[in-house]
Amino acid sequence: MRTSTSVLAFLAVAILVCEASSWDREAVHFMEPGDWIDNDKPGLRIYCHNAKSKYIIHVWKTVVMNLRTNLETYELYEGRSPHEVVTKHEDNQKYWRFSLFNTKKSKQFRINPFEDSCIGVYMSQHSNQFQYKMIMTQNSIDTWKITMMGLGMFLFWYAGKLSRNTLFYYVSGVTIGVSLSIVILIYFLGKLLPKGKFMYVMVATGYTMSFYIAQMIWENAQLIAMQYRDYVIYYILSTALISFIICYRFGPITNTRTKNIIQWILQLFGLVLVYHSSYFREASTAFCVLLVLFYNFPLVVITKGRKYWNHIFPERRRLLTDDEYRKEGVIETKKALTGLKDYCHSPNCNPWRTVLKLKDPIRFAKFMEGECHLSENESFEHDTELTQLIEECDYTDDEFDD
């Protein structure tokens, strides 16, 4: 009896394995960037991408799956493995689902290139058409991720100035006022609804209704703005004007602690943007840590880093040319003479003691009044020596050329 039971169990497991393997071969597709797959069959089809190794040059790398189809009668499931996608699909099929609205489904999926990811597309047997195409592309440098990192770093670094800036106060107040005006509108519309059983139904389905309305407005924002352009403009202008009046009435924030709270909120939001600016979580976390260190210890970090760099790679001093040497001598001589004049005119200088130490006080007095510090004979001798030196250099160069 035990033997027969074991044989039956073994046969059942073998049959399940064979069915699973045949189902995997037909329904699961492992794709690489640049691949595309056409499908014209109903049922669940799973498209997977295997995780790749992490390198620092792939910080802003993104893999995108594009679903090309004009149909809306499909269901989507996301998971890290085909088994997880199948489990979600089976759980979804077990329960009765009722959808009041047919919302537009996403057709583009950004997936993490460093993790195993799968997208399941289910076409019902009752649909008339099943044709669609799945395309996988890769962005080595995702501009949206770079923009997120730049914005996050800007918010974190300049949060202190923004929290104390009057223009930022009014712009933020007007933006928040326009964004939250829809909440006030829904509140007043709720006051007009009748009480009783209908109200309980609205409360019970309030989350679903609100989610649908928000999704519908977001997906049809361009169409609404074009068809009801005047109303949209009047609505935005009126709510912006009311928000500005309220901000002007209370005035900019003056409490130091409130400014600090706003600064910390902006910095926290900036760090969140930097962290989510890359699927390479280790690199984005390192960026956050470096940003905090440089913000709190900028001079210490820069000074220590510069000393360490100069210690490893010492800078080679460049020698001056003859022309640079002469120009440097003239400039430094003028600076020294100007400093001498300033010192002699300052209260720290004792003029009588200085005159006693000079051999020619009259010449020094003329120099202090603006005359040249060299006499005519000294200038002539200097020019003669310079001319002889130049002639000797030219003569030596000619011999070297010969």
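From a predicted model like this one, the values you see are computed outputs, not experimental measurements.
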Nearest-0.5 Å distance that lies between atom CE in Met148 and atom OG in Ser278: 10.0 Å

N/O donor-acceptor pair under 3.5 Å between Ser172 side chain and Tyr169 backbone: no

Worked check of side chain to side chain contact (heavy atoms under 4.5 Å, CB included) between Phe280 and Tyr55: CA-CA 9 Å; Phe280 197 161; Tyr55 298 99; 5.7 Å; no

Any His58 side-chain heavy atom under 4.5 Å of Phe114 side chain: yes

Leu155 CG to Gln263 CD distance, which is reported to the nearest 0.5 Å: 12.0 Å

Cation-pi geometry met for Lys145 and Trp60 (6.0 Å, 45°): no

Parallel, tilted or perpendicular, as decided by the 30° and 60° cut-offs, for the rings of Tyr132 and Tyr47: perpendicular

Working for ring-ring contact (aromatic ring centres under 6.0 Å, His included), residues Tyr74 and Tyr122: CA-CA 6 Å; Tyr74 61 89; Tyr122 175 73; over 10 Å; no

Side chain to side chain contact (heavy atoms under 4.5 Å, CB included) between Phe287 and Met149, worked out: CA-CA 9 Å; Phe287 288 147; Met149 176 167 286; 3.1 Å; yes

Any donor-acceptor N/O pair, Tyr77 side chain to Leu44 backbone, under 3.5 Å: no

Test side chain to side chain donor-acceptor pair (under 3.5 Å) applied to Tyr279 and Ser284, step by step: CA-CA 8 Å; Tyr279 289 114; Ser284 60; over 6 Å; no

N/O donor-acceptor pair under 3.5 Å between Arg281 side chain and Tyr275 backbone: yes

Asn296 side-chain N/O to Val292 backbone N/O, donor-acceptor pair under 3.5 Å: yes

Worked verdict on His29 versus Arg45 for side chain to side chain contact (heavy atoms under 4.5 Å, CB included): CA-CA 8 Å; His29 306 277; Arg45 293 293 181 270; 4.2 Å; yes

Flag, side chain of Asn260 to backbone of Thr256, donor-acceptor distance under 3.5 Å: yes

Asp142 (side chain) donor-acceptor with Trp144 (main chain) under 3.5 angstrom: yes

Aromatic ring pairing Phe244/Tyr248, orientation class (parallel under 30°, perpendicular over 60°, tilted between): parallel

Test item: Glu84 side-chain N/O and Arg80 main-chain N/O as donor-acceptor pair under 3.5 Å: yes

Candidate pair Met134 and Trp36, rule side chain to side chain contact (heavy atoms under 4.5 Å, CB included), full reasoning: CA-CA 6 Å; Met134 181 66 76; Trp36 56 271; over 6 Å; no

Lys88 side-chain N/O to Gly79 backbone N/O, donor-acceptor pair under 3.5 Å: no

N-O pairing of Lys54 and Glu115 below 4.0 Å: no

Aromatic plane relationship, Phe156 with Tyr295 - under 30° parallel, 30 to 60° tilted, over 60° perpendicular: perpendicular

